[in-house]
Structures are given as structure tokens and as C-alpha cells.
Asker: 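Before we start, here is the structure in question, set down as C-alpha cells.
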Amino acid sequence: MVHKLFVCTTCASIWKDGKRVGTSGGQLLLDELLKLNQSWSLSSNFLIQSVECMSACNRPCVVAIAAEGKYTYLFGDLPVDAASLATTASAILVCASKYATQSDGSLPWSERPAPLKKGIVAKIPPMQELAVIG
Ligand code: FES
């Protein structure tokens, strides 16, 4: 099964005169995740994909985990300052690993790593096959 980890690269941007200045926090998070992904045992099960926005802009940084037939989770408030970036990225991959092992992707609060215990923005139920009537 293919799982997806979406990372907003617009989150935590600094803007000046309508232009982004420097590297956004979301881009730093994506870069760190891609670095860790090189030695992650589930790297072949997950596609890590950058997105420009997931409409949780007031809760930076934001990532989402999704797969067909599983809950979709949207996490925000993920810290990416220099002291937290590696811990946050690592916690995301721990959470994604847990997600991959659950048939419906359930991620109970008590089983999520600290940076993902709070700041959850959405938990969307899996799509179910629709019964054909008639
Ligand atoms: S800018 Fe990241 S969710 Fe909108």
C-alpha cells in the first residue's frame, strides 16, 4: 500500500514586499524529512510530497498523512526552530511508521510522539466503498 506524507512548504515563511525571504520553516522540515528518509525502513512505503498549502496556515508547520482506506490526519503547530527541527522530523516518521502498521491508520493520542500529541487539526475518516443499489 502506498502511503503519503504531505508537507506544506509555505508554512513559516517570512514575507517582505510580497516576496518570500529566505527558506521557509516548511521547506526546512521537508529537507530534514527527506534526509531522514534515506535511512528510514519504510521509505519505500511512503511518498513524501511537498504541497504549497493545506489551509491550516495559522497553525504552522503543517503535515498530513494519508492512504487509501485509512484515516487522513492533518497535524499543525509543529516546531521547526533550530533546536526542534530534527526532533520534529523524527517524530513525524515515528508517527508515520505507526500509521503504516494500523489497518485503518488509527493514531491514538497516547501512541503518538510528543510533537504530534497536540496540534492535531483534522482526523478524516477513510473513504468507504459505496454500495451500488439497484
Ligand atoms: S501555508 Fe502551510 S497550511 Fe497554508
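Just so you know, these numbers use all the heavy atoms, side chains as well, and skip hydrogens, waters and symmetry mates. Order of listing sets the numbers, starting from 1, for every ligand and every atom in it.
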Asker: Is any N, O or S atom of Cys11 under 2.8 Å away from atom 4 (Fe) of ligand 1?
Answerer: no
Asker: Identify whether NZ of Lys or CZ of Arg in Lys4 sits under 6.0 Å from the centre of the six-membered ring of Phe46 and within 45° of that ring's axis.
Answerer: no
Asker: Look at atom 3 (S) of ligand 1 and say which protein heavy atom is nearest, naming residue and atom and giving the distance to 0.1 Å.
Answerer: Met54 N, 3.2 Å
Asker: Out of all atoms in ligand 1, which are within 4.0 Å of some heavy atom of Cys8? Include the element for each.
Answerer: 1 (S), 2 (Fe), 3 (S)
Asker: For the pair Gln102 and Tyr99, evaluate side-chain contact (heavy atoms from CB on, under 4.5 Å) and give the outcome as yes or no after the intermediate values.
Answerer: CA-CA 5 Å; Gln102 302 292 332; Tyr99 182 84; over 6 Å; no
Asker: Can you spot which of Leu33, Leu78, Leu34 makes a side-chain contact (heavy atoms from CB on, under 4.5 Å) with Val7?
Answerer: Leu33
Asker: Looking at OH of Tyr73 and CG of Leu107, how far apart are the two atoms once the value is rounded to the nearest 0.5 Å?
Answerer: 4.5 Å
Asker: Using a strict 4.0 Å cut-off to heavy atoms of Ser55, name the atoms of ligand 1 that fall inside it.
Answerer: 3 (S), 4 (Fe)
Asker: Just how far is it from atom OG of Ser43 to atom CG of Leu5, taken to the nearest 0.5 Å?
Answerer: 12.5 Å
Asker: To the nearest 10 degrees, calculate the angle at atom 4 (Fe) of ligand 1 involving SG of Cys57 and SG of Cys53.
Answerer: 90°
Asker: State the atoms of ligand 1, each with its element, that fall below the 4.0 Å cut-off from a heavy-atom position in Ala56.
Answerer: 3 (S)
